[in-house]
Amino acid sequence: MIPALGVFDSGVGGLSVLRAIRAQMPAQPILYFADQGHVPYGPRPMQEVRAFSRAITEFLLERGAKEIVVACNTASAAALRYLRQTFPEVPFVGMEPAVKPAAETTQTGMVGVLATPATFQGELYASVVERFAGGVTLLQDTCPGLVQQIERGELDTPATRAILENSLRPMLERGIDTVVLGCTHYPFVIPLIRQIVGSGVRVIDPAPAVARQTERLLVANGWQASGPERGGAEYFTSGRAENLSSLLPSFLGEEGIVRRVDWVGEKIVLAG
Ligand code: DGL
């Protein structure tokens with residue numbers, strides 16, 4: 001049996017990463033976990049997000065995942081190092097805001113970064129800034145409410161536009177020529193972001209680079225699926241299953257069966 005790839009996020013955000021993974025390696029079997037009972041993760045304490053991430057990882061490993069993609073910047077900030085220490089035999093791929101490619105190509109030296117409060121507070125972001133952002137000014141914004149809008153499927157409504165305008169207008173006035181999407185929910189509003197920032201501003205979605213890194217680790221472990229058959233995908237949510245399954249065709253470009261799970265203390269169990 002070909003080992004599955006486990007992918008998780010607080011909600012639908014990780015589907016922007018999964019979309020790139022499906023394009024890069026369509027034959028790989030997938031287990032996707034959306035912790036929609038707890039979304040958003042961004043304003044929560046790091047310790048809480050770490051506990052969620054551990055339980056989700058255990059759930060995915062129990063169901064046959066061999067490699068895990070933490071398709072969430074917030075969970076990566078809170079838990080990636082802890083997960084690697086706790087499950088040393090498991091290869092993990094995490095997310096960090098793509099400050100490096102932004103700093104390498106900006107002409108104005110002004111870069112906008114959109115991410116959650118927890119991501120900005122984490123050591124991972126501090127280390128990325130220290131290593132790569134020398135000589136560049138980073139303008140940061142947490143886009144309050146944007147994750148919830150995207151969870152509701154409101155990708156192009158006046159309320160969603162207002163949140164993005166509030167974040168991006170002041171950055172444009174200060175001369176940004178690059179926007180880094182440091183939250184995996186945000187690639188779903190790239191069309192709206194482009195309308196606001198115009199064609200002269202580069203918008204960086206890290207998902208294709210993360211998909212390539214995911215594939216490298218699968219190949220290195222001999223777990224890569226090949227062949228013409230599309231790999232199966234199973235979806236789990238701690239929120240409403242119908243809600244996630246209704247969003248899959250537009251967010252991911254494919255349909256899928258979603259099963260509901262419940263949190264029982266710090267454990268996750270299949271519902272029903
Ligand atoms: N998609 C997530 C991220 O990349 C989490 C958003 C949230 O739940 O606040 O940060």
Side-chain angles (χ1 to χ4, degrees), residues 6-21 32-57 68-83 92-99 112-126 128-129 140-155 160 163-164 167 179-190 193 203-211 213-214 235-240 243-244 247-248 251-252 263:
V7 181
F8 77 88
D9 178 47
S10 59
V12 296
L15 296 175
S16 69
V17 180
L18 183 56
R19 189 170 60 178
I21 289 172
Y32 183 87
F33 191 103
D35 194 9
Q36 291 174 300
H38 291 136
V39 69
Y41 275 6
R44 290 177 184 273
M46 294 286 199
Q47 231 177 332
E48 191 179 31
V49 176
R50 205 170 296 144
F52 295 156
S53 302
R54 181 198 173 116
I56 294 167
T57 298
I68 304 281
V69 180
V70 184
C72 174
N73 291 76
T74 307
S76 298
L80 190 57
R81 208 166 58 170
Y82 166 79
L83 292 174
F92 286 93
V93 179
M95 312 286 308
E96 61 183 29
V99 168
V113 185
L114 309 183
T116 68
T119 296
F120 284 132
Q121 283 153 25
E123 284 169 23
L124 198 57
Y125 183 68
V128 165
V129 172
Q140 299 160 10
D141 198 87
T142 59
C143 303
L146 185 57
V147 166
Q148 292 92 319
Q149 289 295 108
I150 294 169
E151 283 289 319
R152 285 194 282 269
E154 292 197 28
L155 304 186
T160 306
I163 294 170
L164 283 167
S167 298
V179 175
V180 172
L181 302 183
C183 170
T184 54
H185 279 73
Y186 299 168
F188 294 115
V189 288
I190 285 177
I193 292 174
V203 180
I204 303 183
D205 171 8
V210 171
Q213 173 63 3
T214 302
Y235 301 88
F236 302 92
T237 180
S238 56
R240 289 180 51 235
N243 181 38
L244 181 57
L247 293 177
L248 285 177
F251 277 59
L252 187 63
W263 283 92

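Bear in mind the structure is a predicted one, so any value in this text is a computation, not a measurement. Numbers for residues simply follow the sequence, beginning at 1. In listed order, ligands and their atoms are each counted from 1.
- Rounding to the nearest 0.5 Å gives a distance of 9.0 Å between CG of Asp205 and CZ of Phe188.
- Here the straight-line distance linking atom CD of Gln148 with atom SG of Cys143 works out to 11.0 Å at 0.5 Å rounding.
- The proximity of Ser10 to ligand 1, defined as any non-hydrogen pair under 4.0 Å, is limited to the side chain.
- Atoms of ligand 1 found under 4.0 Å from any heavy atom of Tyr41, numbered from 1 in the order shown, are 7 (C), 8 (O), 9 (O).
- Any N or O atom pair closer than 3.5 Å counts here, and Thr119 shares no such pair with ligand 1.
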request  = Evaluate the criterion side chain to side chain donor-acceptor pair (under 3.5 Å) for residue pair Tyr41 and Asp35; output intermediate values, then yes/no.
outcome  = CA-CA 9 Å; Tyr41 275 6; Asp35 194 9; 2.6 Å; yes
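- Those atoms of ligand 1 with a heavy atom of Gly42 less than 4.0 angstrom away are 7 (C), 8 (O), 9 (O).
- Classification of the Trp263-His38 ring pair by plane angle, with boundaries at 30° and 60°, yields tilted.
- Of the protein's non-hydrogen atoms, the one nearest atom 10 (O) of ligand 1 is Thr74 OG1, 2.6 Å.
- Close approach of ligand 1 to Thr116 is summarised as follows: ligand atoms under 4.0 Å from at least one heavy atom of the residue are 6 (C), 9 (O), 10 (O).
- With ligand atoms numbered from 1 in the order given, ligand 1 contributes 8 (O) to contacts under 4.0 Å with heavy atoms of Val39.
- Tyr82 and Gln47 form no side-chain donor-acceptor contact under 3.5 Å, judged by distance and modelled atom types alone.
- Checking Thr116 against Thr74 by side-chain atom types alone, a donor-acceptor pair falls below 3.5 Å.
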